[in-house]
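In what follows, a single structure is set out as structure tokens and then discussed.
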Amino acid sequence: MRSPQNTVTASESLHVPVGAAAATTEPAPTRALRVRVVGATAIASAALVLIDNTVVGWAGSPTYAAPMKEVLAFHAHHSAAVAIAVGLEALNVPLLLLFLTGLHGLVGRRGGAGADWSRLALAAGATLSAVTAFYAVLWDGVVLSAGQLTEPSPVLELAWRMHAAAFAWSMAALGTTFIGAALATHASGLTPPWQRLLGVAGGGLLIAAGTANLAIADGSALLYVGVSGLAAWLVWLTATGVRLVRAQHS
């Protein structure tokens, strides 16, 4: 069992403890590169989400409460913006999974503290990726349908509503991913206490929003509860990524 003094020291220095076997089979530069790659994927994932939301926000994407005529008009005239957004989301799926897989490996190499939490984050992240794919494919369907219409159709509305529902439901998966990753990194000494608090609070907001997915898909302002949690996730990802990239290893 670690003493409190040793735990604090590990958290402050980010010195990665390894077993004798690992130390002899994996050089320190390789371990350092591995940690920096995990950190870089976290930063890249946060950047892609930010760019994605900036693109659709700049184009004036309609809210889920908007009338279908507005939804049709937007997707008929801004298919390029949606194509960019969907492409960024497709790229973010492997980045997120690479980050979570790498993070699980780092936690295991630091003695396994927080390993159960990192497994939860990885499983939730895989679920999130599957729902994100469904959400993105439906968004493609909305664009393709809108290009052939002059008035909203039942098929267009169905695709849009399912797209909205998938987005709302994904918040619970992201919240679980957030909490698991934040608790895992804190338990293994990779991140300071404030990031654990950010993870629990932000993840809780996302899960709360996800449980209200029907209302959000119908245009409820509860969406902004989840948006607050998403903002916390981006802050956490960026802070964690920078910390790992700048970490010192022996």
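Note that these values count all heavy atoms, side chains included, but never hydrogens, waters or copies made by symmetry.
For the atom pair Trp117 CH2 and Leu122 CG, the distance stands at 15.0 Å (nearest 0.5 Å). Expressed to the nearest 0.5 Å, how far OG1 of Thr211 lies from CG of Leu206 amounts to 11.0 Å. With values rounded to the nearest 0.5 angstrom, Gln148 atom CD is found 11.5 Å from Leu156 atom CG. Rounding to the nearest 0.5 Å places NE2 of His104 at 5.0 Å from CZ of Arg119. The CG atom of Leu96 sits 6.5 Å away from atom OG1 of Thr177, with the distance rounded to the nearest 0.5 Å. In this structure, Leu222 CG and Leu214 CG are separated by 11.0 Å, a value rounded to the nearest 0.5 Å.
Here the closest heavy-atom approach between residue Glu157 and residue Met68 is recorded as CA-CE, 3.5 Å. Nearest heavy-atom pair, Ala121 versus Gly180, reported as atom, atom and distance to 0.1 Å: CB-C, 3.8 Å. Contact detail for Ala187 and Ala113: the closest heavy-atom pair is O-CB, 3.5 Å. Of all heavy-atom pairs between Ser118 and Ala184, the closest is N-CB, 3.5 Å. Closest heavy-atom contact between Ala81 and Val55: O-CG1, 3.7 Å. Asn53 and Val56 get closest at one heavy-atom pair: O-CG2, 3.4 Å.
Each of Trp236 and Ile179 belongs to its own hydrophobic cluster when Ile, Leu, Val, Met, Phe, Trp and Tyr are linked at side-chain heavy-atom distances under 4.5 angstrom. In terms of hydrophobic clustering, with Ile, Leu, Val, Met, Phe, Trp and Tyr side chains grouped at heavy-atom distances under 4.5 Å, Leu48 and Val235 are assigned to different clusters. When hydrophobic clusters are built by joining Ile, Leu, Val, Met, Phe, Trp and Tyr residues whose side-chain heavy atoms come closer than 4.5 Å, directly or via intermediates, Val227 is grouped together with Leu128. Under the 4.5 Å side-chain heavy-atom criterion for grouping Ile, Leu, Val, Met, Phe, Trp and Tyr, Phe99 is connected to Leu198 within one hydrophobic cluster. Residues Val137 and Tyr64 are members of separate hydrophobic clusters, defined by side-chain heavy-atom contacts under 4.5 angstrom among Ile, Leu, Val, Met, Phe, Trp and Tyr.
Residues Ile51 and Leu88 have side chains in contact (heavy-atom distance under 4.5 Å, counting atoms from C-beta outward). Within the 4.5 Å cutoff, the side chain of Leu230 has heavy atoms near those of the Val49 side chain. In this structure the side chain of Gln195 never reaches within 4.5 angstrom of the side chain of Thr185, judged on heavy atoms. The shortest side-chain heavy-atom distance between Leu183 and Val200 falls under the 4.5 Å cut-off. Contact of the Leu106 side chain with the Val35 side chain is registered, since non-hydrogen atoms from C-beta on lie closer than 4.5 Å. At a threshold of 4.5 Å between non-hydrogen side-chain atoms, the residues Pro62 and Phe74 count as touching. A heavy-atom distance below 4.5 Å is not found between the side chains of Phe178 and Ile207. Residues His75 and Ser145 fail the side-chain proximity criterion, which asks for heavy atoms closer than 4.5 Å.
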Q: Might you work through the side chain to side chain contact (heavy atoms under 4.5 Å, CB included) test for Thr132 and Asn92, ending with a clear yes or no?
A: CA-CA 10 Å; Thr132 298; Asn92 194 38; over 6 Å; no

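Between the side chain of Arg110 and the main chain of Ser188, a donor-acceptor pair closer than 3.5 Å is present. Listed for the Thr41 side chain is a donor-acceptor partner under 3.5 Å among the backbone atoms of Val38. For Arg243 (side chain) and Ala239 (main-chain N/O), no donor-acceptor pair under 3.5 Å exists by modelled atom type. Proximity of a side-chain donor or acceptor of Ser61 to a complementary backbone N or O of Gly57 within less than 3.5 Å is not detected.
Taking the six-membered ring where the residue is Trp, Tyr135 and Trp139 present tilted rings, their angle falling between 30° and 60°.
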Distance-only donor-acceptor pairs under 3.5 Å for side chains of residues 166-175, two or more places apart:
{"from": "Ser170", "atom 1": "OG", "to": "Phe167", "atom 2": "O", "distance (Å)": "2.6"}

